Amino acid sequence: MDEQTYARPELLAETDWLLGHLNDPAIRIVDMRGAVKTKNVAPGVQEADYVGASEAYALGHIPGAIYLDWTKDLVDLDDPVPAQVAGAAQIATLLSKVGIDNYHTVVIYDDHPASQFATRLAWVLGYYGHDQVKILNGGLPKWQREGLPLTQEVPNYPPTTFLPHVRPEWRIEAAELARRLNKGDFVLVDARDSGQYKNEFRRGERGGRIPGAVHLPRESLIDPENGTFRPAGELRQLIAEAGVEDSETPVVAYCNGGVAATSVLFALRLLGYDHLTNYDGSWNEWSNRPDLPIEGS
């Protein structure tokens, strides 16, 4: 394989491609803008608020795009761990209502520097068996820089039927991850920023990291010049330097709420990695359970 070529370039949509497919009935565009707003509540301690961006969507979005709220539409609001993926029935109802079926190509964007809300939806769709998914490379900021059209018109697509097919290997729970920690049969990747990884500050009851985790912050995957995913060769080098060298070795990624981790998992999938799992509970769960081990505290 050419080291400068993505193994799965079809996972990215470039702005010129999307512009030419705005009226394609086989495509559904999804605006996934949102934010994680942090505040310091004590020395070395942060709290985070998870918020959507429906107001920003109303002010202007890519023509034909529907809006989904990552804090409500995709999550199980009854789960005590924040931001856990919604069950199959909820996702099926949601996608069917907004007009996405198993055959649509779903193009997703946000305005996050690492596209983590867009990749979160891509992961949710993949978890429920839908592979026809693309991330808009560079997101809404690149679209806007290029002067491409925006609208305030909200599309109304006819309802469809989405049938979920769960891929349990895409998601791991705390008990299984704890059981596998000392087996050495996978690479554990921490996608959080360096401050949390090094325990310079914390969110949750405890600081530090899951034992054995290597560090690959999601922002490192992005070209700072244009906000797109780094070229394939650069990504491969970064990933190898972080300790993820073998594309056949299973990878488990985590962050705070299973969202930033999906940026890392998406980049790995872009490069041809297949054995990829999200620890959805992530630090929101792990740090608050004293029965689970940590290091770097």
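Computed from a prediction, not measured in an experiment: that's the story for all the values here.
Leu74 and Ile108 fall within a single hydrophobic cluster, where Ile, Leu, Val, Met, Phe, Trp and Tyr are joined by side-chain heavy atoms under 4.5 Å apart, directly or via other members. Hydrophobic clustering, with ILVMFWY side chains joined whenever heavy atoms are under 4.5 angstrom apart, groups Phe162 together with Val166.
The distance from the SG atom of Cys255 to the CZ atom of Arg192 is 8.5 Å, given to the nearest 0.5 Å. Atom CG of residue Leu216 and atom CG of residue Leu268 lie 7.0 Å apart, to the nearest 0.5 angstrom. Arg236 contributes atom CZ, which lies 8.5 Å from atom CD1 of Ile239 (distance to the nearest 0.5 angstrom). In this structure, CG on Asp193 lies 7.0 Å from CD on Glu219, to the nearest 0.5 angstrom. Expressed to the nearest 0.5 Å, how far OG1 of Thr105 lies from CD1 of Ile29 amounts to 11.0 Å. Annotation: the span from His21 atom NE2 to Asp16 atom CG amounts to 10.5 Å, rounded to 0.5 Å.
Partners of Asp101 by side-chain hydrogen bond (donor to acceptor under 3.5 Å, both in side chains), not counting sequence neighbours, listed by chain and number: His104. Partners of Asp246 by salt bridge (Lys or Arg N to Asp or Glu O under 4.0 Å), not counting sequence neighbours: none found. For Asp280, the salt bridge (Lys or Arg N to Asp or Glu O under 4.0 Å) test picks out Arg120, Arg171, with sequence neighbours left out. Applying the salt bridge (Lys or Arg N to Asp or Glu O under 4.0 Å) criterion to Arg218, with sequence neighbours excluded, gives no partner residue.
Thr160 contributes a side-chain N or O that, together with a main-chain N or O of Ile100, makes up a donor-acceptor pair within less than 3.5 Å. At distances below 3.5 Å, at least one donor-acceptor pair connects side-chain atoms of Thr262 with backbone N or O atoms of Val259. Under a 3.5 Å cut-off, the side chain of Asn102 and the backbone N or O of Leu163 do form a donor-acceptor pair. Using a distance-only test at 3.5 Å, with no hydrogens or angles considered, a donor-acceptor pair links the side chain of Trp143 to the main chain of Pro149. Checking side-chain atoms of Tyr6 against main-chain N and O of Leu11 turns up no donor-acceptor pair under 3.5 Å. No donor-acceptor distance shorter than 3.5 angstrom exists from the side chain of Gln90 to the backbone of Asp76, with no hydrogens or angles considered. The main-chain N or O of Arg33 is found under 3.5 Å from a side-chain atom of Tyr67 such that the two form a donor-acceptor pair. Between the side chain of Asp31 and the backbone N or O of Ile66 there is no donor-acceptor pair closer than 3.5 Å. Between the side chain of Tyr128 and the backbone N or O of Ala88 there is at least one donor-acceptor pair closer than 3.5 Å.
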Asp69/Met32 under side-chain contact (heavy atoms from CB on, under 4.5 Å): CA gap, chis, key distance, verdict
CA-CA 6 Å; Asp69 189 326; Met32 279 293 297; over 6 Å; no
Take Lys134 and Glu10 through the salt bridge (Lys or Arg N to Asp or Glu O under 4.0 Å) test and state the conclusion after the steps.
CA-CA 7 Å; Lys134 296 177 182 288; Glu10 69 277 5; over 6 Å; no
Salt bridge (Lys or Arg N to Asp or Glu O under 4.0 Å) assessment of Arg167 paired with Asp131:
CA-CA 12 Å; Arg167 290 171 168 148; Asp131 289 325; 2.8 Å; yes
Apply side-chain hydrogen bond (donor to acceptor under 3.5 Å, both in side chains) to residues Gln196 and Asn256 and explain how you reach the verdict.
CA-CA 10 Å; Gln196 291 182 86; Asn256 285 298; 3.1 Å; yes
Just do the side-chain contact (heavy atoms from CB on, under 4.5 Å) check on Ile222 and Thr228 with the steps written out, would you?
CA-CA 6 Å; Ile222 305 301; Thr228 60; over 6 Å; no
Verdict with reasoning, Leu265 to Thr119, per side-chain contact (heavy atoms from CB on, under 4.5 Å):
CA-CA 9 Å; Leu265 295 172; Thr119 59; over 6 Å; no
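Between Arg230 and Pro224, the closest heavy-atom pair is NH2-CD, 3.8 Å. Across all non-hydrogen atoms, the minimal contact from Gly64 to Pro155 is O-CG, 3.5 Å. In terms of heavy atoms, Ile62 sits closest to Leu150 at N-CD2, 3.9 Å. Minimum heavy-atom separation, Gln152 to Leu59: NE2-O, 3.1 Å.
The environment of CG in Asp291 is crowded: more than 12 heavy-atom neighbours from other residues, nucleotides or ligands sit within 6.0 Å. Within 6.0 Å of the CD atom in Glu173, the count of heavy atoms belonging to other residues, nucleotides or ligands does not exceed 12. Residue Asp185 places its CG atom among more than 12 non-hydrogen atoms of other residues, nucleotides or ligands, all under 6.0 Å distant.
Residues Asp274 and Arg8 are paired through a salt bridge, judged by an N-O separation under 4.0 Å between the basic side chain and the carboxylate.
Remark: the Glu14 side chain and the Asn137 side chain contain an N/O donor-acceptor pair separated by less than 3.5 Å. In this model, a donor atom of one side chain and an acceptor atom of the other lie less than 3.5 Å apart for Thr15 and Glu146.
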Give every donor-acceptor pair under 3.5 Å between a side-chain atom in residues 43-57 and any protein atom, sequence neighbours left out.
{"from": "Gln46", "atom 1": "OE1", "to": "Arg203", "atom 2": "NE", "distance (Å)": "3.2"}
{"from": "Tyr50", "atom 1": "OH", "to": "Asn284", "atom 2": "ND2", "distance (Å)": "3.1"}
{"from": "Tyr57", "atom 1": "OH", "to": "Ala65", "atom 2": "O", "distance (Å)": "2.6"}

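Classified by interplanar angle (parallel below 30°, tilted 30° to 60°, perpendicular above 60°), the ring pair Phe266/Phe229 is tilted. Between His112 and Phe117, the ring planes are perpendicular. Angles over 60° get that label, and only those under 30° would be called parallel.
Other members of the cluster containing Tyr279 are Ile172, Leu177, Leu181, Phe186, Leu188, Ile210, Val252, Tyr254, Trp283, Trp286, Leu292, Ile294, with ILVMFWY side chains joined at under 4.5 Å, either directly or via other members.
Taking 4.5 Å as the limit, every side-chain heavy atom of Thr277 sits out of range of all side-chain heavy atoms of Trp170. With a 4.5 Å cut-off on side-chain heavy atoms, His130 and Val124 do not count as touching.
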